[in-house]
Amino acid sequence: MSQSMRTLNSPKTPIPCNYKIPTPKLSFASSSFALSETKSKFSSKKYPRVSLSVMSSHNQNQQQPLSLDVLINSKRKEEVSGNIKSSISDCLSETNLHLTVPALKSKIRGKVRDIYDAGDYLVLVTTDRQSAFDRILASIPFKGQVLNETSLWWFDQTRHITSNAVVSAPDKNVTIAKKCSVFPVEFVVRGFVTGSTDTSLWTVYKNGSRNYCGNTLPDGLVKNQKLHANILTPTTKAEDHDVPVTPDEIIKLGLMTEAELDEASRKALSLFEYGQRVALEHGLILVDTKYEFGKGSDGQILLIDEVHTPDSSRYWIAHSYEERFQNGLEPENVDKEFLRLWFRDHCNPYKDEVLPDAPEELICELSWRYIFLYETITKSRFDVSSTKEPVHDRISRNILSALSALK
């Protein structure tokens with residue numbers, strides 16, 4: 001990974017806010033596959049349409065298309081399973097680098113990342129913590145490394161679309177970034193009508209709403225259907241939860257100027273369409289994701305945080321999507337929902353003070369899925385090697401060396 005790249009940044013400061021149906025035949029090979037019409041100030045119609053065809057030159061050379069069976073029963077899974085199991089006791093669950101690296105002044109603990117102030121820079125350490133239900137459920141071997149290296153790969157691949165804040169990546173779990181003034185808005189981009197949370201597009205749509213975050217939606221959409229054009233559904237923070245906002249509200253609340261919003265919106269839509277194209281070439285559908293932006297000291301708007309990771313994005317298996325959609329079945333997916341469901345079945349994750357330990361086989365399965373997504377998207381082999389050096393000591397040593405080089 002190039003050391004000259006620029007990514008990631010500080011967390012947003014919470015700010016108060018006032019506020020089976022029959023369908024026509026679909027075809028992956030045709031852009032007319034999308035049945036719905038959406039109208040929005042920030043729809044992606046200005047950008048090239050992404051054709052949902054998985055028959056790329058790359059995939060034509062494969063013996064079989066990517067499938068859920070490949071995910072569950074591949075030889076590669078057997079190869080890494082031993083490393084995953086042996087790493088369960090060595091997960092990076094907590095860091096205290098401000099006690100071991102003199103240049104680090106303070107620590108902010110996020111759900112997954114620990115963020116340290118290093119003067120002109122931020123040091124972002126991606127841990128193995130797995131969060132859901134607004135709490136930590138478990139630690140997943142190699143998760144932090146997957147998220148960090150996946151983001152770095154996408155940051156490198158998308159420099160033609162937008163600059164980012166990355167300065168260097170001195171460790172598997174660490175990114176050093178420029179400090180930015182972070183916009184308190186998450187740019188959520190969606191290509192499909194799906195989801196199950198209270199703020200998901202499908203939940204809002206089935207409850208009768210036809211205008212969401214400034215996007216006008218037509219009647220007759222069904223769950224998991226592809227939208228005619230990708231749409232932006234921005235959110236901002238109110239207390240401890242995300243609140244959907246319209247572009248007009250973002251400007252009226254003073255969260256961004258109109259010019260800043262226009263630029264960030266265009267970048268978000270372009271990033272998403274590029275991500276869809278790359279994912280599809282590798283047998284996946286990038287369903288939705290979120291982006292964050294900040295302004296550098298020179299006034300430039302930079303992409304920060306993470307890009308197209310398994311934590312920030314929803315991915316489906318492309319090969320089986322159409323048939324399952326036609327039959328009213330949920331798409332085959334690669335995500336952490338199975339772990340969430342286990343906790344829901346075995347406790348009340350919102351109210352119970354102490355949660356049960358997740359079974360080892362579920363921990364290992366989720367670790368494999370993170371690795372699988374990294375290798376599928378980047379077409380590179382994930383490094384599961386380990387050393388005798390304690391992970392906290394390794395990270396401290398690498399950060400100390402990197403910060404010394406930046407002086």
Side-chain angles (χ1 to χ4, degrees), residues 11 68 71-72 76-97 107-115 124-151 171-175 195-197 240-242 289-290 305-306 308-315 333-376 382-386 390-392 394-395:
L68 200 59
L71 165 63
I72 296 172
R76 177 59 174 157
K77 182 178 181 180
E78 296 177 8
E79 291 175 4
V80 302
S81 61
N83 299 81
I84 291 174
K85 288 182 180 179
S86 64
S87 298
I88 289 178
S89 60
D90 296 323
C91 284
L92 182 62
S93 301
E94 198 68 53
T95 70
N96 288 290
L97 298 170
K107 170 186 174 182
I108 297 176
R109 187 180 189 273
K111 290 180 180 179
V112 176
R113 289 178 181 81
D114 290 343
I115 303 170
L124 302 101
V125 184
T126 310
T127 72
D128 297 324
R129 296 192 292 263
Q130 185 68 51
S131 67
F133 311 109
D134 296 323
R135 63 194 302 179
I136 304 302
L137 300 182
S139 291
I140 309 299
F142 300 109
K143 176 190 172 179
Q145 181 183 341
V146 167
L147 295 185
N148 191 55
E149 294 186 350
T150 298
S151 281
D171 186 89
K172 299 175 182 178
N173 292 72
V174 178
T175 295
S196 59
T197 66
D240 59 350
H241 62 281
D242 294 334
T289 193
K290 61 97 175 173
D305 195 53
E306 59 184 328
H308 301 160
T309 70
D311 270 17
S312 67
S313 312
R314 193 192 316 262
Y315 287 97
N333 61 71
V334 189
D335 60 27
K336 60 187 178 184
E337 186 63 18
F338 68 91
L339 185 65
R340 289 169 51 90
L341 294 176
W342 186 89
F343 276 96
R344 279 190 169 179
D345 290 342
H346 291 81
C347 64
N348 185 330
Y350 288 107
K351 294 184 179 180
D352 290 355
E353 185 174 344
V354 179
L355 299 181
D357 292 333
E360 181 178 299
E361 60 267 26
L362 294 188
I363 297 295
C364 291
E365 176 62 26
L366 185 52
S367 178
W368 159 241
R369 290 190 178 207
Y370 276 105
I371 294 170
F372 169 85
L373 268 177
Y374 172 83
E375 294 190 340
T376 300
F382 184 76
D383 181 14
V384 293
S385 62
S386 59
V391 62
H392 200 279
R394 183 200 79 204
I395 291 175

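Evaluation of the side chain to side chain contact (heavy atoms under 4.5 Å, CB included) rule for Asn348 yields Tyr350, Lys351, Asp352 as partners, not counting sequence neighbours. With sequence neighbours left out, the ring-ring contact (aromatic ring centres under 6.0 Å, His included) criterion links His346 to Trp342. When the side chain to side chain contact (heavy atoms under 4.5 Å, CB included) test is applied to Asp171, the partners found at least two apart in sequence or on another chain are Asn173, Val174, Arg394, Ile395, Asn398. Checked against side chain to side chain donor-acceptor pair (under 3.5 Å), Glu375 has the following partners two or more places apart in sequence or in another chain: Arg76. Judged as a side chain to side chain contact (heavy atoms under 4.5 Å, CB included), and not counting sequence neighbours, the contacts of Ser385 are Lys172, Asp383.
Side chain of Thr289 to main chain of Ser312: a donor-acceptor pair is present (N/O by atom type, distance under 3.5 Å, no hydrogens or angles). Ser313 contributes no side-chain N or O that, together with a main-chain N or O of Pro310, makes up a donor-acceptor pair within less than 3.5 Å. For the pair Asp128 (side chain) and Ser93 (backbone), a donor-acceptor distance under 3.5 Å is absent.
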Evaluation steps, side chain to side chain contact (heavy atoms under 4.5 Å, CB included), between Arg314 and Asn333: CA-CA 8 Å; Arg314 193 192 316 262; Asn333 61 71; 5.9 Å; no
List the steps and the verdict of side chain to side chain contact (heavy atoms under 4.5 Å, CB included) for Leu97 and His392. CA-CA 8 Å; Leu97 298 170; His392 200 279; 3.5 Å; yes
Under the criterion side chain to side chain contact (heavy atoms under 4.5 Å, CB included), I'd like the reasoning laid out for Arg344 against Phe133: C-alpha separation, chi angles, the key distance, then a yes or no. CA-CA 10 Å; Arg344 279 190 169 179; Phe133 311 109; 3.4 Å; yes
Quick one, Asp134 with Lys111, criterion side chain to side chain contact (heavy atoms under 4.5 Å, CB included). Give me CA distance, side-chain angles, the key distance, then yes/no. CA-CA 8 Å; Asp134 296 323; Lys111 290 180 180 179; 3.6 Å; yes
Going through the distances and angles, do Asp114 and Arg129 end up as a salt bridge (charged side-chain N to carboxylate O under 4.0 Å, His left out)? CA-CA 10 Å; Asp114 290 343; Arg129 296 192 292 263; 2.8 Å; yes
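The two residues Glu79 and Asn83 come nearest to each other via the heavy atoms O-OD1, 3.6 Å. Nearest heavy-atom pair, Thr127 versus Val112, reported as atom, atom and distance to 0.1 Å: OG1-O, 2.6 Å. Closest of all the heavy-atom pairs between Cys91 and Pro141 is SG-N, 3.5 Å. Nearest heavy-atom pair, Leu355 versus Pro349, reported as atom, atom and distance to 0.1 Å: CD2-CA, 3.9 Å. Closest heavy-atom contact between Leu147 and Tyr370: CD2-CE2, 4.0 Å. Nearest approach of Ser131 to Ile136, heavy atoms of both residues: CB-CD1, 3.9 Å.
Separation of atoms CD1 (Ile371) and CG (Leu366) is listed at 10.0 Å; rounding is to 0.5 Å. Rounding to the nearest 0.5 Å gives a distance of 13.0 Å between CD of Glu353 and SG of Cys347. Interatomic distance, CG of Leu137 versus NZ of Lys336, reported as 8.0 Å (0.5 Å rounding). One distance of note links CD of Glu149 with CZ of Phe142; it measures 10.5 Å at 0.5 Å rounding. With values rounded to the nearest 0.5 angstrom, Ile363 atom CD1 is found 6.0 Å from Leu339 atom CG. Within the model, atoms CD of Glu361 and NZ of Lys85 stand 9.0 Å from one another, a figure rounded to the nearest 0.5 Å.
Contact annotation: the side chain of Arg340 never approaches that of Gln130 to less than 4.5 Å [non-hydrogen atoms, C-beta and beyond]. Between Trp368 and Cys364, every side-chain heavy-atom pair lies at or beyond the 4.5 Å cut-off. Between Gln145 and Phe382, some side-chain heavy-atom pair lies under the 4.5 Å cut-off. In this structure, Ile84 and Val384 have side chains that are not in contact, with every pair of non-hydrogen atoms separated by 4.5 Å or more. Side-chain contact between Val146 and Ile140 is absent, with no heavy atoms from C-beta onward closer than 4.5 Å.
The local environment of CG in Asp345 is crowded, with over 12 non-hydrogen atoms from other residues, nucleotides or ligands closer than 6.0 Å.
Residue pairs that meet the salt bridge (Lys or Arg N to Asp or Glu O under 4.0 Å) test with at least one member in residues 135-145, sequence neighbours left out, are Lys143-Asp311.
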